[in-house]
Amino acid sequence: MSIDTLKRAALFVVFILVQTMILGRIHLFGFATPLLYVYFVLLFPRNYPKWGIMVWSFMLGLLVDIFSNTPGVAAASMTLIAAIQPYYLELFVSREDFEELQPSMKNLGVVKYLYYSVALTALYCVVFFTLETFSFFDFSEWLQCTFGSAAITLVLILAFESVANRKHEQL
């Protein structure tokens, strides 16, 4: 088993614990829930096998569903963005960049990383809350949940990225 797999497994466990024990209980203004585990999909490097991304993401979504009582919603949403992530990442990376490119603010630049993370997080939140409500009867509540959760999730992702970027600069 490689060091990368062990690091990814540890990160997997951390995201499950943080989401189910802390973040899943937060509902800012009654509708915005941080969904930080989406960050797990954003961290997959350029050359990682597509099937591997989908398996890791599905398992993370499934475990979040089990512990959060959202039957299949997180698993389906995570699998969808896992299927899109490798192709979407290629839009921001030139062919000359090295194969092991890890998507981050440092490697992509702030603007490209912002586009990358905003699009995938927003897509995740749209699919997640559409499947969760399974109707557009209360469209304003759906919009509040979707955009509120996407915004708070993006703030957390960008905060983690800026801390990671500062950490690398100090080393």
Is the number of heavy atoms from other residues, nucleotides or ligands under 6.0 Å of E141 CD greater than 12?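 Atom CD in E141 is not packed in, count stays at 12 or less.
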
First locate atom [atom1] of [X], then atom [atom2] of [Y], and finally report the distance between them rounded to the nearest 0.5 Å.
| X | Y | atom1 | atom2 | result |
| --- | --- | --- | --- | --- |
| L23 | T33 | CG | OG1 | 9.5 Å |
| Q19 | I26 | CD | CD1 | 9.0 Å |
| Y115 | F92 | OH | CZ | 8.5 Å |
| L63 | Y37 | CG | OH | 11.5 Å |
| S149 | Q144 | OG | CD | 10.5 Å |
| L6 | L11 | CG | CG | 12.5 Å |

Is there a side-chain contact between [X] and [Y], using heavy atoms and a 4.5 Å cut-off?
| X | Y | result |
| --- | --- | --- |
| L36 | F160 | yes |
| T133 | D138 | no |
| V126 | W142 | yes |
| I81 | L42 | no |
| V64 | L62 | no |
| L35 | C125 | yes |
| F67 | I16 | yes |
| F129 | F31 | no |

Cation-pi check for Y113 against K106: NZ or CZ below 6.0 Å from the six-membered ring centre and within 45 degrees of the axis, yes or no?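 Because its charged atom misses either the 6.0 Å distance or the 45° angle limit, K106 does not stack over Y113.
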
Transitive ILVMFWY side-chain link [X] to [Y], under 4.5 Å:
| X | Y | result |
| --- | --- | --- |
| Y87 | V118 | no |
| M54 | V41 | no |
| V155 | L158 | no |

[X] to [Y] - nearest heavy-atom pair and separation:
| X | Y | result |
| --- | --- | --- |
| P86 | K50 | CG-CG, 3.8 Å |
| D65 | A74 | OD1-N, 2.9 Å |
| P103 | E161 | O-OE2, 4.5 Å |
| A150 | T121 | O-CG2, 4.0 Å |
| L89 | P45 | CD2-C, 4.5 Å |
| M78 | V38 | SD-CA, 4.4 Å |

Just say parallel, tilted or perpendicular for the rings of [X] and [Y], cut-offs at 30° and 60°.
| X | Y | result |
| --- | --- | --- |
| Y116 | Y88 | parallel |
| Y48 | F44 | tilted |
| Y39 | F15 | perpendicular |

So among K112, Q102, R46, which one has a side-chain contact (heavy atoms from CB on, under 4.5 Å) with N107?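 Single pass found, and it is Q102.
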
Does any N or O in the side chain of T70 come within less than 3.5 Å of the main-chain N or O of V73, such that one atom is a donor and the other an acceptor?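 Checked: no pair found.
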
